[in-house]
K.L.:
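Quick one: this structure, given as structure tokens, is what I'll be asking you about.
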Amino acid sequence: MLEKEYYPQQIEKKWFDVWEETKPYKADDNSDKPKYFALSMFPYPSGKLHMGHVRNYTITDVVARFKRAQGYNVLHPMGWDSFGLPAENAAIQHGANPKTWTLDNIKYMTKQLKMLGLSVDWDREVTTCLPEYYKWTQWLFLQLYKKGLAYKKTAPVNWCEHCATVLANEQVIDGKCWRCNSEVTKKNLSQWFLKITDYSEELLQDLNLLKGWGDNVKTMQENWIGKSSGAILKFKVKELDDVEIPVYTTRADTVYGVTYLVVAPEYKDIEKLTTKENFEAVQKYRENAKKMSEIERLSTERTKTGVPLGTHIINPFTGRVCPIWVADYALVDYGTGAVMAVPYHDERDFAFAKKYNLPMIQVIDGVGFKEGEPYIEKGTLVNSDQFSGLNANEARNKITEYAKENGFGDFKTQYRLRDWLISRQRYWGAPIPIVYCPHCGEVAVDEQNLPVMLPTDVDFTVKGKSPIETSPTFKETICPKCGAKATRDTDTMDTFMCSSWYYLRYADARNDKECFNRELVNKWLPVDQYIGGIEHAILHLLYSRFFTKALRDIGLLDFDEPFSNLLTQGMVLKDGSKMSKSKGNTVDPDEIYANYGADTARLFILSDSPPARDFDWTDAGVEGCYKFISRVYRLYSKYQDKINLNYNFDINNLSKKDDNFIREVHIAIKKVTHDIENEFQFNTVISRYRELTNSIYEYTKCENEINYDVLSFGLLTLLKLISPVCVFMSEEIYSQLGAKESIHALLWPKFDENLAKTSSVTLIVQVNGKIKDKLEVSQGLSNEELENLAKSAPKTAEFIEGKTIVKVIVVPNKLVNIVVK
RNA sequence: GGGCCUGUGGCGAAAUUGGUAGACGCACUAGAUUUAGGAUCUAGCGCCUUCGGUGUGAGAGUUCGAGUCUCUCCGGGCCCACCA
């Protein structure tokens, strides 16, 4: 028997226990059904679930349940992105063990996720900080290493003093650390990189394959990869025979306007290029640039600085001798680290030339040109010998070709994307499986000896070096090649390494012989629907795409892109502003579960906004959803004795009221199905639930007119339609109605197009496009009949009288527009 | 500076893709029930003065007809940004 009133806590506890026992959502590796992989971005186990998680996982769960009901073999897994700084900070701040801290959090959050009613196959759970997982992260690193895609080099890298570690380019935001927001400086260090730049072009081109991704994410990736085509031009140095300076430019057409050349402070040949007289000043400038943080460099954006080196280049086109300067507006790691300066046609060069009184030559003319102002448009060439008169684009090609023929230049495609720096001087990550031998140098750890276990005998409080350095047992080892005493690499890998392949592991999560079985990974992947936050648009999604392509080339899998469809969900706000601990406007899922139940939380978080938009959490909104569920529940409670699971009625022998009701049910099926399939518009799906519920209340108004088989059809259809969202309530009701199987195992209801049709339609009558009348007419009348009906409608007559009908537009079953003069 | 998105009642929003603008809900108002409150039910609810107009950031255009398409402008948000 159903209780009279809705008590979610009892119901949810009951089914929590049942599902824990029966594990009804296991994905089947051997099923004949078509597969569907629904994936949420896995969480960092920070301690407690927040509403962003609730929104993300509810959306994915409803998708998974919907697809299951449509007959798919669904894989809906969950895991933990569990390496990272917060665990280590907990260790530093209150002496917690990072592993214990992390696993405790996972335990707590797992329970919260289960209480949310997720249809997850928990037997495939992955936890990146456990040796069973990071063994394979290390193994994959070694495969990349063998393929030449992982390499070590000394380079100026981004250094966060606060986190005491280096950062990838993608992790520096406005010159600040992505995690702690403190200033980032440059440090010259020997670090591990992954050659993501080998895939620049493919990563860019294959964005076209991703039809199921939003343009916003694709453009962000496109901009980040930053392809540009230009030319390399080589300049000879007047004072030195053995040095030449290549520059990268997208405006080879302006080469006749070069009046000086700039190299970056870190430019490799800079000392050779500096004369004795200028040496001191140049050194000082370079020291200064080195000390400056990214922020300071950015803040000097408008006032460019530099120092002349004392040497000169010779422009191969003009023979003009121009001074070489060092200036920090030239970037060492883009292009060649040197720039040809054309002050008249580049704003930066213009500002610099103006400040230091360097000459300017106009070589482009066109509309809008003003004497004494930089002109950056692509106009027509002037003062450029045989190239004068050409337009800029043409000249660009001709000039580059000329340089190529004469051996001082070539075409060049350049990308903004840099190689991915993956070393971290931190403890809580996967150790890099490399050994340094005094005889053999850098040597890979034997694959049989993986994982390289994280040591536990470390001092977390050390400053300026990785805690792993303090382990008395970790560092010393023997060389895998020659057996001599050797030392281990004490850095760990960027946690984005762990998250770049976790979705592959779900295909074969418990395999302890291989990273994943090739057949299984090819069967389940690519992910059919990936759902997560927009903040990963570049970092995680780009790295994962790179990993997939690299592993394909290594021969571990056979597809090109990991995520066919991507949904980036909006943020969860509270009363209009972003939820944050500092503002104190967070909402605790536990409290919502306790007060309203998880079904209410699920319903509400899907209800007010479409998934991609920001969602505003309000107390009144939760209250409203709770009332709605209670209202639905009361309906079943009231009619539970009358509901027939095997309802049966003759469609041709029903009252008009029954017909109308049945039609409304079919329309609800149609719309709910359509709205889920059409970009997961759950907000309108929930409106349909409410409409159908209203229809049922309306239908039951007169007790003596109820056909209980028809009512059963309506109630059971609503129950199934609502079941992906209100998972506990629908299961409880269905079971109390005497059903033997789970409502979640039922197939999705089918709608009948004929039954969803109305016998009459509202005809809109317009005169000159303005609505004058609405008529109830029967479905399927001819255009002529409709036209006549419209003309004779009483309200239209006065507008037509005495005027000439110029034209009549008829839209069948919908509208007649009479155009008069 | 470049790119992407966005603008509809007091609020969240919907509109079958060019054909009844505001579905559904929140808030609000009135009534019923109740000792009272809550809950529940019933009705109302864009704006303007009733008839009737008018209305989707502003202005123009295309069209029989524009929230939807085109152009110009204004506002809001996000991402990238000394990339030569």
Side-chain angles (χ1 to χ4, degrees), chain A residues 5 173-174 214-224 226-228 230-231 247-252 254 262 264 297-298 300-302 304 327-331 333-342 345-349 351-352 376 414-418 534-535 537-538 570-571 573 575-576 604 607-610 612-616 618-625 627-628 630-631 634 667 670-671 674-675 678 681 683-694 697 701 762-771 773-774 806-811 814-820:
Chain A
E5 285 298 318
I173 295 153
D174 289 337
D215 285 337
N216 54 344
V217 178
K218 285 195 274 190
T219 340
M220 279 161 77
Q221 293 215 352
E222 199 181 313
N223 290 342
W224 189 262
K227 183 178 180 173
S228 76
V247 301
Y248 173 73
T249 179
T250 54
R251 292 297 302 274
T254 63
V262 173
R297 266 175 96 150
L298 283 174
T300 58
E301 191 173 329
R302 302 271 171 247
K304 300 191 181 342
D328 63 6
Y329 81 90
L331 309 171
D333 49 4
Y334 185 76
T336 61
V339 184
M340 66 176 213
V342 187
H345 305 292
D346 181 283
E347 283 178 328
R348 294 154 299 186
D349 298 343
F352 192 84
I376 55 171
Q414 184 72 40
Y415 300 88
R416 216 185 64 106
L417 185 68
R418 318 285 157 88
I534 186 77
E535 67 274 18
I538 295 170
M571 283 189 305
L573 313 175
D575 302 321
F604 178 48
S607 67
D608 270 1
S609 302
R613 232 183 282 183
D614 286 350
F615 176 85
D616 196 11
T618 59
D619 294 337
V622 194
E623 197 70 42
C625 284
K627 283 180 193 170
F628 172 67
S630 307
R631 186 163 182 258
R634 278 197 301 276
I667 290 173
K670 182 180 177 177
K671 286 186 170 170
H674 172 268
D675 288 355
N678 182 33
Q681 284 191 50
N683 54 328
T684 54
V685 167
I686 285 156
S687 305
R688 308 302 169 213
Y689 294 162
R690 292 179 185 270
E691 279 174 345
L692 182 54
T693 307
N694 291 343
Y697 266 94
K701 250 181 177 172
T762 310
L763 183 73
I764 305 302
V765 183
Q766 297 179 330
V767 177
N768 288 347
K770 296 260 180 197
I771 293 155
D773 207 354
K774 296 173 192 180
V806 184
K807 199 174 179 184
V808 179
I809 315 282
V810 180
V811 184
K814 203 166 253 171
L815 171 141
V816 177
N817 186 13
I818 304 166
V819 189
V820 297

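Keep in mind that what you see is a predicted model, and the values were worked out from it rather than measured.
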K.L.:
Say whether A:Tyr248 and A:Ser228, considering side chains only, have a donor N or O and an acceptor N or O under 3.5 Å apart.
P.N.:
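On atom types as modelled, these side chains qualify, holding a pair under 3.5 Å.
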
K.L.:
Please state the P separation for the pair B:rG59 and B:rC74 - nearest whole angstrom.
P.N.:
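Comparing P positions in B:rG59 and B:rC74 gives a spacing of 15 Å.
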
K.L.:
Please classify B:rU17 as syn or anti, treating any glycosidic angle within 90° of 0 as syn.
P.N.:
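Syn.
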
K.L.:
At under 4.0 Å between heavy atoms, what does A:Glu691 touch on the DNA or RNA strands: base, sugar-phosphate, or nothing?
P.N.:
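The answer is sugar-phosphate, as A:Glu691 gets under 4.0 Å only of primed atoms, P, OP1 or OP2.
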
K.L.:
So which nucleotide does B:rG65 pair with, by the Watson-Crick or G-U wobble rule with both distances under 3.5 Å?
P.N.:
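By the stated definition (distances under 3.5 Å), nothing pairs with B:rG65.
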
K.L.:
Choosing from B:rC80, B:rC24, B:rA13, which nucleotide comes nearest the side chain of A:Arg690?
P.N.:
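Comparing B:rC80, B:rC24, B:rA13 against the side chain of A:Arg690, the answer is B:rC24.
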
K.L.:
Quick one: CD on A:Gln681 to OG on A:Ser609, what's the gap to the nearest 0.5 Å?
P.N.:
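The distance works out to 12.0 Å.
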
K.L.:
Rounded to whole angstrom units, what separation is found between the CD1 atom of A:Ile667 and the P atom of B:rA23?
P.N.:
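Going from CD1 in A:Ile667 over to P in B:rA23 covers 17 Å.
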
K.L.:
Measure from CD on A:Glu222 to P on B:rC5 and round the result to the nearest Å.
P.N.:
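After rounding, the gap between these two atoms is 12 Å.
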
K.L.:
Taking the minimum atom-to-atom distance to the side chain of A:Asn694, which one of B:rC41, B:rG3, B:rG25 wins?
P.N.:
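The nucleotide sitting nearest to the side chain is B:rG25.
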
K.L.:
Now, which nucleotide makes the Watson-Crick or G-U wobble pair with B:rC45, with each of the two distances under 3.5 Å?
P.N.:
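B:rC45 is paired with nothing.
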
K.L.:
Paired with B:rA39 by Watson-Crick or G-U wobble geometry, both distances under 3.5 Å: which nucleotide is it?
P.N.:
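WC or wobble partner does not exist here.
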
K.L.:
For the pair A:Asp773 (side chain) and A:Val765 (backbone), establish whether a donor and an acceptor sit closer than 3.5 Å, ignoring hydrogens and angles.
P.N.:
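No.
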
K.L.:
Any donor-acceptor pair, under 3.5 Å, between the side chain of A:Gln766 and the base of B:rG19, if you only look at N and O atoms?
P.N.:
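By the distance-only test, yes, there is a pair.
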
K.L.:
Determine the Euclidean distance between corresponding P atoms of B:rC78 and B:rA39; express it in Å to zero decimal places.
P.N.:
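So the two P atoms sit 37 Å from each other.
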
K.L.:
Could you tell me whether A:Asp675 and A:Arg688 make a salt bridge, using a distance below 4.0 angstrom between a side-chain N and a carboxylate O?
P.N.:
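Salt bridge: yes.
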
K.L.:
Whole angstroms only, please: what is the CD-P distance between A:Gln221 and B:rC80?
P.N.:
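Computing the A:Gln221:CD to B:rC80:P distance gives 12 Å.
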
K.L.:
Have a look at B:rG67 and give me syn or anti from its glycosidic angle (syn if within 90° of zero).
P.N.:
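Nucleotide B:rG67 adopts anti.
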
K.L.:
B:rC78 P sits how many Å from A:Glu535 CD, rounded?
P.N.:
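My rounded result for the distance is 14 Å.
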
K.L.:
Less than 4.0 angstrom between a side-chain N/O of A:Tyr334 and OP1 or OP2 of B:rA84, yes or no?
P.N.:
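Checking B:rA84 against A:Tyr334, a side-chain N or O does come within under 4.0 Å of OP1 or OP2.
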
K.L.:
In Watson-Crick or G-U wobble terms, both distances under 3.5 Å, what is the partner of B:rA27?
P.N.:
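The answer is none; no pair meets the criterion.
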
K.L.:
Is there a Watson-Crick or G-U wobble partner for B:rC78 with both distances under 3.5 Å, and if so, which one is it?
P.N.:
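Answer to the pairing question: B:rG3, which forms a Watson-Crick or G-U pair with B:rC78.
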
K.L.:
Is it the case that the ring center of A:Phe604 lies less than 6.0 angstrom away from the ring center of A:Phe628?
P.N.:
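No, the ring of A:Phe628 stays outside the 6.0 Å limit from the ring of A:Phe604, centre to centre.
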
K.L.:
More than 12 heavy atoms of other residues, nucleotides or ligands under 6.0 Å from CD of A:Glu535: is that the case?
P.N.:
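Result for CD/A:Glu535: enclosed.
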
K.L.:
Is the distance from OP1 or OP2 of B:rA14 to the nearest side-chain N or O of A:Asn683 less than 4.0 Å?
P.N.:
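Looking at the OP1 and OP2 atoms of B:rA14, one of them is under 4.0 Å from a side-chain N or O of A:Asn683.
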
K.L.:
P atom, B:rA81 versus B:rA15: distance in rounded Å?
P.N.:
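That atom pair is separated by 36 Å.
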
K.L.:
Whole angstrom is fine here: how far is it from CG in A:Leu815 over to P in B:rG18?
P.N.:
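Taking atom P of B:rG18 as the reference, CG of A:Leu815 is at 15 Å.
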
K.L.:
Please pick, from B:rC80, B:rU20, B:rC64, the nucleotide with the shortest atom-to-atom distance to any side-chain atom of A:Ile809.
P.N.:
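From the listed options, B:rC64 comes nearest.
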
K.L.:
Hunt down the Watson-Crick or G-U wobble partner of B:rU16, both distances under 3.5 Å, from any strand shown, or write none.
P.N.:
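The answer is none; no pair meets the criterion.
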
K.L.:
If the C1' atom of B:rC51 is compared with that of B:rA60, how far apart are they to the nearest Å?
P.N.:
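Per the computed distance, 33 Å lies between those C1' atoms.
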
K.L.:
B:rU50 and B:rC41: how far apart are their C1' atoms, nearest whole angstrom?
P.N.:
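Comparing C1' positions in B:rU50 and B:rC41 gives a spacing of 32 Å.
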
K.L.:
Which nucleotide in the set B:rG19, B:rG12, B:rC80 lies at the smallest distance from any side-chain heavy atom of A:Lys814?
P.N.:
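Comparing B:rG19, B:rG12, B:rC80 against the side chain of A:Lys814, the answer is B:rG19.
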
K.L.:
Taking any strand in view, what nucleotide pairs with B:rU50 in a Watson-Crick or G-U wobble way, both distances under 3.5 Å?
P.N.:
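The base-pairing partner of B:rU50, which may sit in any strand shown, does not exist here.
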
K.L.:
Between atom CD1 in A:Ile771 and atom P in B:rC64, what is the gap in whole Å?
P.N.:
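Distance, rounded to whole Å: 18 Å.
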
K.L.:
In whole Å, I'd like the distance from the CD1 atom of A:Ile538 to the P atom of B:rG3.
P.N.:
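In whole Å, B:rG3 P and A:Ile538 CD1 are 17 Å from each other.
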
K.L.:
For A:Tyr334, does the six-membered ring have the charged nitrogen or CZ of A:Arg416 within the cation-pi criterion, i.e. under 6.0 angstrom from the centroid and within 45° of the normal?
P.N.:
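So A:Arg416 doesn't make the cation-pi contact.
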
K.L.:
Counting Watson-Crick and G-U wobble pairs only, both distances under 3.5 Å, name the nucleotide matched with B:rU56, or none.
P.N.:
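Here B:rU56 is not engaged in any pair, so there is no nucleotide opposite it.
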
K.L.:
I want to verify a distance call: between B:rG2, B:rA23, B:rC64, whose nearest atom is closest to the A:Lys807 side chain?
P.N.:
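Selected nucleotide (nearest to the side chain): B:rC64.
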
K.L.:
Examine B:rA15: is either OP1 or OP2 under 4.0 Å from a nitrogen or oxygen in the side chain of A:Gln681? Give yes or no.
P.N.:
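Indeed, a polar side-chain atom of A:Gln681 lies that close.
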
K.L.:
Between B:rC79, B:rA13, B:rC82, which nucleotide has the shortest distance from any of its atoms to the side chain of A:Met220?
P.N.:
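Selected nucleotide (nearest to the side chain): B:rC79.
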
K.L.:
To the side chain of A:Lys627, which of B:rU20, B:rC41, B:rU40 is closest?
P.N.:
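Comparing B:rU20, B:rC41, B:rU40 against the side chain of A:Lys627, the answer is B:rU40.
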
K.L.:
Return whichever of A:Lys770 or A:Glu5 has its heavy-atom-nearest nucleotide of RNA chain B closer to the 5' end.
P.N.:
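Looking at the nearest nucleotide for each, A:Glu5 comes out on the 5' side.
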
K.L.:
Report yes if at least one side-chain N or O of A:Arg416 is closer than 4.0 Å to OP1 or OP2 of B:rC80; otherwise report no.
P.N.:
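No, because none of the side-chain N or O atoms of A:Arg416 sits under 4.0 Å from OP1 or OP2 of B:rC80.
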
K.L.:
By nearest nucleotide on RNA chain B, pick out whichever of A:Asn768 and A:Ser228 is the more 5' one.
P.N.:
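Looking at the nearest nucleotide for each, A:Asn768 comes out on the 5' side.
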
K.L.:
Could you tell me if A:Tyr689 and A:Asn694 have a donor-acceptor pair between their side chains, going purely by distance under 3.5 Å?
P.N.:
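Note: A:Asn694 and A:Tyr689 side chains miss the donor-acceptor criterion.
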
K.L.:
Nearest-Å distance, NE2 (A:His674) to P (B:rA15)?
P.N.:
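Going from A:His674 (NE2) to B:rA15 (P), I get 9 Å.
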
K.L.:
Name the one of A:Ile818, A:Val820, A:Val806 that satisfies side chain to side chain contact (heavy atoms under 4.5 Å, CB included) with A:Asn768?
P.N.:
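Result: among A:Ile818, A:Val820, A:Val806, A:Val820 is the only option passing the side chain to side chain contact (heavy atoms under 4.5 Å, CB included) with A:Asn768.
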
K.L.:
Between the base of B:rA23 and the side chain of A:Ser687, is there a donor and acceptor pair under 3.5 angstrom?
P.N.:
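Checked by distance alone, the answer is yes.
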
K.L.:
Using the P atom in both, what is the distance from B:rG10 to B:rU49, to the nearest Å?
P.N.:
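The same atom, P, in both gives a distance of 15 Å.
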
K.L.:
Which whole number of Å gives the distance between the P atom of B:rG9 and that of B:rU63?
P.N.:
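Per the computed distance, 30 Å lies between those P atoms.
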
K.L.:
Nearest to the A:Asn817 side chain among B:rC64, B:rG12, B:rC82, which nucleotide is it?
P.N.:
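So the nucleotide nearest the side chain must be B:rC64.
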
K.L.:
Please determine, for the side chain of A:Pro610, which listed nucleotide (B:rC24, B:rA84, B:rA13) has the closest atom?
P.N.:
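Selected nucleotide (nearest to the side chain): B:rA13.
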
K.L.:
Considering only atom P, compute the distance from B:rU16 to B:rC82 and round it to an integer number of Å.
P.N.:
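It works out to 42 Å between them.
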
K.L.:
Among the candidates B:rA84, B:rU20, B:rA81, find the nucleotide nearest to the side-chain atoms of A:Thr762.
P.N.:
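Out of B:rA84, B:rU20, B:rA81, the nucleotide with an atom closest to A:Thr762's side chain is B:rU20.
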
